[in-house]
Amino acid sequence: MNRPEDEFDEELMRELRRVDAPEGFAARVMERSAVVPTHDDKTVMNGPPRVAKVLAFPKPRAWMGSAIAAVLVLGCFVAERVHVERQKAELAQQQFETAMRVTDHALDQTRVQLERAGLRFGN
Amino acid sequence: MGMGPEEFRRLIEGHQRMVFSIALRVTGEYGVAEEVAQDVFLELYRGGDRLESEDHVRFWLRRVTVNKATDSLRRKARRPEAAAEEWMEEQHLPEAGARMDAGMEVRLEELLRTLPEPMRVAVVLRHQEEMLPDEIAELLGQPVATVKSNLQRGLQLLRRKAAVTMKEYVREQA
């Protein structure tokens, strides 16, 4: 005597029989295939089924390539900005030091002139 | 170098029912299923001349169809997993000895569309394609235990949903 589960499984198998493809399906596929280039050897299908895994590998998501490219571009941009900022900082430092030397020199000149005028400043 | 058109046509006509049926039961939509099925055969056309035997062809077609159909499902972001857990927890147990044909047609195929993708795929491959769990595991690249679990849970969920559908129908008729 069949258990209810067995009857359910049998019912499921009856309902899930294969159905016909839509009318004209084969013709439509043939039409599309007429404009599809065949790959030379890019697609690997060799070996028995248990090793024919290449096509079954999930294809990398399309967005991953774009994401990687975006990260690389961003990284280059950041590196460039860092370099530019560093150059600016170095230039500013040089300008500051130059300004300090000029100021020191000017102050020295002023001191000499004042001393000649009889005024003395602390050491 | 791809296959010739005659050979390609022969393969389409020989396997279109299988490919389309898998695509239909996994995606749940007729139009989407045809798109998936066409894409599968076009991919076969591009490189199928390297398949070595009819068994290899059948294996390859089933695998690629399942992959493309599940990709299509994910793109549409259909997520019945959350609802599935609710169904498993509620006390929707079929009555002992209850039959499915209590004056109504319980469309199991319609209820199948409400299953989460992993369970749906396992049930389709088991009950439509009559594949054994270890064959399904090899096709999907999954452990056998995972396949068996998805089968068991999928069938349990289907039974519960079918029982509720039948009860509601009987209540409406009363």
Side-chain angles (χ1 to χ4, degrees), chain A residues 1-70, chain B residues 1-3 5 8-9 12-13 16-22 24-25 30 33-34 37-38 41-43 45-53 55-56 58-60 63-64 67 71 94 96-101 106-109 112 123-124 126-130 138-141 155 158-159 162:
Chain A
M1 184 175 174
N2 277 356
R3 298 177 304 162
E5 292 83 7
D6 295 336
E7 290 178 4
F8 185 87
D9 283 4
E10 288 170 5
E11 176 73 20
L12 192 56
M13 277 191 169
R14 276 195 294 275
E15 280 233 21
L16 294 188
R17 278 191 303 264
R18 291 177 183 171
V19 298
D20 290 337
E23 192 167 333
F25 175 82
R28 288 191 286 279
V29 176
M30 293 300 293
E31 277 180 31
R32 287 184 66 186
S33 71
V35 296
V36 168
T38 56
H39 293 173
D40 287 336
D41 57 353
K42 302 292 184 188
T43 305
V44 177
M45 291 191 184
N46 294 333
R50 61 178 165 278
V51 298
K53 293 182 180 177
V54 175
L55 283 179
F57 281 171
K59 291 182 183 176
R61 301 282 186 261
W63 60 265
M64 286 178 66
S66 303
I68 291 170
Chain B
M1 185 165 62
M3 68 180 70
F8 184 46
R9 180 127 199 162
I12 297 173
E13 291 174 349
Q16 60 183 342
R17 291 184 84 241
M18 177 186 76
V19 170
F20 179 74
S21 298
I22 293 174
L24 179 63
R25 266 64 186 263
Y30 202 85
E34 175 164 3
Q38 286 195 19
F41 280 108
L42 288 174
E43 190 161 330
Y45 181 67
R46 279 190 281 264
D49 55 328
R50 289 172 177 78
L51 295 171
E52 298 172 347
S53 66
D55 282 346
H56 198 180
R58 194 174 304 113
F59 180 92
W60 186 92
R63 173 179 268 185
V64 175
N67 286 345
D71 283 348
R99 294 184 58 81
M100 299 307 301
D101 56 348
V106 178
R107 293 306 310 273
L108 293 174
E109 185 171 352
L112 182 67
V123 169
V124 168
R126 178 73 186 95
H127 289 83
Q128 176 186 295
E129 297 300 305
E130 299 182 10
E138 183 179 3
L139 188 88
L140 300 179
L155 290 174
L158 276 179
R159 286 193 202 101

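Residue numbering restarts at 1 for every chain, and letters A, B, ... go by the order of the sequence lines.
Taking every heavy atom of both residues into account, B/F8 and A/V29 meet most closely at CZ-CG1, 3.7 Å.
Proximity to chain A (any heavy atom under 4.5 Å) is shown, for B/L140, by neither the backbone nor the side chain. In this structure, chain A has a heavy atom under 4.5 Å from the side chain of B/L24, while its backbone stays farther away. B/R25 touches chain A through its side chain: at least one heavy atom from C-beta onward sits under 4.5 Å away, while N, CA, C and O do not. Within the 4.5 angstrom heavy-atom criterion, atoms from both the backbone and the side chain of A/R18 approach chain B.
When each of B/R126, B/E129, B/E130, B/R58 is checked for heavy-atom pairs under 4.5 Å with chain A, B/E129 comes out on top.
Side-chain contact check for B/L51 versus B/F59: every heavy-atom pair is 4.5 Å or farther apart.
Taking the charged nitrogens against the carboxylate oxygens, A/R28 and A/E31 have no contact shorter than 4.0 Å, which rules out a salt bridge.
Under the 30°/60° scheme for interplanar angles, the aromatic rings of B/Y30 and B/F20 are found to stand perpendicular.
Without hydrogens or angle criteria, B/S21 side chain to A/V19 main chain gives a donor-acceptor distance under 3.5 Å.
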